[in-house]
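The structure appears below as structure tokens.
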Amino acid sequence: MRIGLIGTGRIGTFHAAVLERYREVGSLVVTDADPERAVALADRIGATAAPTVDEIFSWGVDAVVITAATSAHGELIGRAARAGLPVFCEKPIALDLPGTLTALAEVERAGTVLQLGFQRRFDAGYTAAREAVRSGRLGRLHTVRAMTSDPAPPPAAYLPLSGGLYRDCLVHDFDILRWVTGREVTEVYATGSDAGPAMFREAGDVDTAAAVLTLDDGTLVTATATRCNGAGYDVRMELSGELDTVVVGLDDRTPVASTEPKGPPAASKPWPGFLERFAPAYEAELVAFVDVVRGERENPCDGREALHALRIAEACELSRRERRLVRMEEIPGG
Ligand SMILES: NC(=O)c1ccc[n+]([C@@H]2O[C@H](COP(=O)([O-])OP(=O)(O)OC[C@H]3O[C@@H](n4cnc5c(N)ncnc54)[C@H](O)[C@@H]3O)[C@@H](O)[C@H]2O)c1
């Protein structure tokens, strides 16, 4: 199988190395808007560099992996769909809902595969939490706490192309919330703070966000995110029901320090970032994509699933800007 990968930045570099190692991928072609970056990566991992995106489509690939900046996703998804090619695309599908719906329509018209990179669906902890909810072990859920804390802000140039903290970061928590609980969000109230580094204010974004979400069975959810968590990369989900409570992401690398005399010791090697914390999950989602392309498994996260997560992010953004509760029916595309 020959795969074309578009975008050789932080996540593209990681995904390319996984694909290059995977025996089912006979040949990997990488490209980037910055051709030197693509050549440097290709040389490092033994792939082929293509000078532009055009060659990815004209050199004859069997599938496309899109790891370019979010602002480029919609157009590239449409192009791959029109070429009849299956696509793995990093989240989110596009920067906004109209772009997302246009890309989805192209994929559905072409009848091609679109798998989104919500890698938490392949994480052992989230998978076990899903089983705990669905088996009834927790009893009726009453509270879920979801959080994503990045250790440091991304480069300033990333922000205007990212879609903002809800669409770029909390969208992971929204996707996994639906996946773990099997429920839909009915309403949200969200707020945010730009009291940290000035680049967030300048980009019209926030560095820290919090949302309260209500699920269709009455479960209450808090979701928080920050780009400024000096202790390390901290992604957790706590689910409490009438019978029991489970926590995802609590282990000897969780970057928290207990203030209790008999509390657990602080992590000696806290998670430094998403690439370390989710390495096995990133690898598993790409192996799954290759299996999907080979027709050997169902798509584990299609475009409609990604649309649901983005709609929740849109509702939060609206709630933050207008300082009010937003019901999901207000958001198009449902
Ligand atoms: N699933 C995850 O946990 C996760 C983690 C990080 C990033 N992401 C997603 O991956 C995408 C890339 O993020 P990143 O952190 O690697 O960003 P990055 O800025 O490090 O890399 C993006 C790359 O895309 C290239 N690029 C931009 N427009 C292009 C175009 N039209 N054609 C070809 N190349 C283009 C840039 O030159 C750059 O090299 C984003 O959509 C982001 O949301 C997902």
Side-chain angles (χ1 to χ4, degrees), residues 4-18 29-42 49-57 64-80 87-96 99-100 103 115-123 126 148-176 179 203 205 225 227 233 235 249 271-286 288-289 300-301 305-306 309-310 313:
L5 179 142
I6 305 172
T8 55
R10 293 185 301 174
I11 198 84
T13 296
F14 188 93
H15 285 347
V18 168
V29 186
V30 301
T31 194
D32 195 280
D34 175 353
E36 283 177 18
R37 194 175 287 175
V39 169
L41 174 65
T52 70
V53 170
D54 288 345
E55 282 78 22
I56 295 288
F57 291 98
V64 174
V65 170
I66 300 172
T67 47
T70 299
S71 52
H73 291 185
E75 192 229 316
L76 292 170
I77 289 171
R79 196 164 174 186
V87 172
F88 174 94
C89 183
E90 264 308 334
K91 46 49 67 176
I93 292 180
L95 284 175
D96 56 18
T100 300
Q115 180 183 329
L116 266 294
F118 283 112
Q119 84 284 353
R120 294 185 193 180
R121 293 179 178 221
F122 293 86
D123 176 72
Y126 282 107
T148 296
S149 298
D150 282 339
Y158 180 85
L159 293 181
L161 308 180
S162 73
L165 193 55
Y166 292 103
R167 298 185 191 94
D168 184 56
C169 180
L170 274 163
V171 74
H172 278 291
D173 298 85
F174 301 149
D175 174 68
I176 207 66
W179 190 77
D205 198 357
R227 303 280 201 191
Y233 184 64
V235 172
W271 293 112
F274 55 86
L275 291 174
E276 295 81 6
R277 164 75 173 82
F278 286 115
Y282 288 128
E283 186 150 356
E285 69 179 354
L286 286 177
F289 176 61
C301 187
E305 291 291 288
L310 183 70

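Counting convention: from 1, in listed order, for ligands and their atoms alike.
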I'd like to know if the side chain of Asp175 and the backbone of Ala306 have a donor-acceptor N/O pair within less than 3.5 Å. no

Testing the 3.5 Å rule here: is there a donor-acceptor pair between the side chains of Arg120 and Thr148? yes

May I ask you to check if Arg10 and Phe274 form a cation-pi contact, with NZ or CZ under 6.0 angstrom from the six-membered ring centre and within 45° of the axis? no

Could you list the atoms of ligand 1 found under 4.0 angstrom from a heavy atom of Gly117? 1 (N)

Given Asp205 and Arg167, is the salt bridge (Lys or Arg N to Asp or Glu O under 4.0 Å) satisfied, shown in steps? CA-CA 11 Å; Asp205 198 357; Arg167 298 185 191 94; over 6 Å; no

Does ligand 1 come near enough to Ala33 that some N or O of the ligand is less than 3.5 Å from an N or O of the residue? yes

Identity and distance of the protein heavy atom lying nearest atom 38 (C) of ligand 1: Arg37 NH1, 3.1 Å

With a 3.5 Å distance limit and no angle check, can you tell me whether Thr67 reaches the backbone of Gly7 through a side-chain donor-acceptor pair? yes

Hey, is the main chain of Ala72 close enough, under 3.5 Å, to the side chain of Glu75 for a donor-acceptor pair? no

Strictly under 4.0 Å, does any heavy atom of His73 approach an atom of ligand 1? yes

Does Tyr282 come within less than 4.0 Å of ligand 1, judged by its heavy atoms? yes

Is there a donor-acceptor pair under 3.5 Å between the side chain of Thr31 and the backbone N or O of Ala50? yes

What do you reckon, does Val53 have a nitrogen or oxygen under 3.5 Å from a nitrogen or oxygen of ligand 1? no

Taking distance alone, with no angle check, do Thr31 and ligand 1 share an N/O pair under 3.5 Å? no

Atoms of ligand 1 less than 4.0 Å from Phe274 heavy atoms? 5 (C), 6 (C)

Ligand 1 to His172, heavy atom cutoff 4.0 Å, flagged ligand atoms 1 (N), 2 (C), 3 (O)

